[in-house]
Amino acid sequence: MSAIEKLMRIQTELSVPKTHFNSFGNFAYRNCEDILEAVKPLLKELKAVVLLSDEIKYIGERYYVSATATFVDLEDNSSKSVTALAREDQSK
């Protein structure tokens, strides 16, 4: 099974409920720990790992968190990475 096929299986089988609530923003959410705890059995079964890293970047007049997730297939040592930026609201 290729790394992409393993990722597809994880994405179709993984279900993580939104068990936390933000009363300030009035929304339900899941956090990183919830997702990692749920994905561990699938990663073990598929012989893969997920590596997470982040760094603070100053872009324009704002600070951002640049977060990267890397999926590594331990059977063929291939990997796939995605990166996203997040920042706080302009006004609160």
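Predicted model, so just to flag it, every value in this text is computed and none were measured.
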Worksheet item: Which value, rounded to the nearest 0.5 Å, describes the distance between K6 atom NZ and D73 atom CG?
Response: 3.5 Å

Return the set of residues passing side-chain contact (heavy atoms from CB on, under 4.5 Å) with [X] (not counting sequence neighbours), or none when no residue passes.
X	value
A67	D54
K80	I4, L7
S23	F21
S66	E55, K57, T83, L85

Kindly indicate whether the side chain of [X], heavy atoms from C-beta on, has any atom under 4.5 Å from the side chain of [Y].
X	Y	result
D34	L36	no
L46	I10	yes
L52	C32	yes
V50	L43	yes

Fill in: By side-chain hydrogen bond (donor to acceptor under 3.5 Å, both in side chains) - contacts of S2 (at least two apart)
E5

Worksheet item: With clusters built from Ile, Leu, Val, Met, Phe, Trp and Tyr whose side-chain heavy atoms come within less than 4.5 Å, directly or transitively, what are the remaining members of the cluster of Y63, listed by chain and number?
Response: I56, Y58, V65

Worksheet entry | For V72, the rest of its hydrophobic cluster, which grows through side-chain links under 4.5 angstrom | V49, L51, L74

Fill in: Partners meeting salt bridge (charged side-chain N to carboxylate O under 4.0 Å, His left out) with E37 (sequence neighbours left out)
K40

Discussion item. Going by the rule salt bridge (charged side-chain N to carboxylate O under 4.0 Å, His left out), which residues pair with R62 if we only count those two or more places apart in sequence or in a different chain?
Written reply: E88

Fill in: Pairs meeting criterion ring pair (Phe, Tyr, Trp, His ring centres under 6.0 Å) with involvement of residues 66-89, two or more places apart
none

Worksheet entry | Closest non-hydrogen atom pair, P41 against A38 | CD-O, 3.4 Å

For residues 11-19, which side-chain N or O atoms pair as donor and acceptor with protein atoms under 3.5 Å away, sequence neighbours left out?
from : atom 1 : to : atom 2 : distance (Å)
T12  : OG1    : M8 : O      : 3.1
T12  : OG1    : R9 : O      : 3.0
E13  : OE2    : R9 : NE     : 2.8

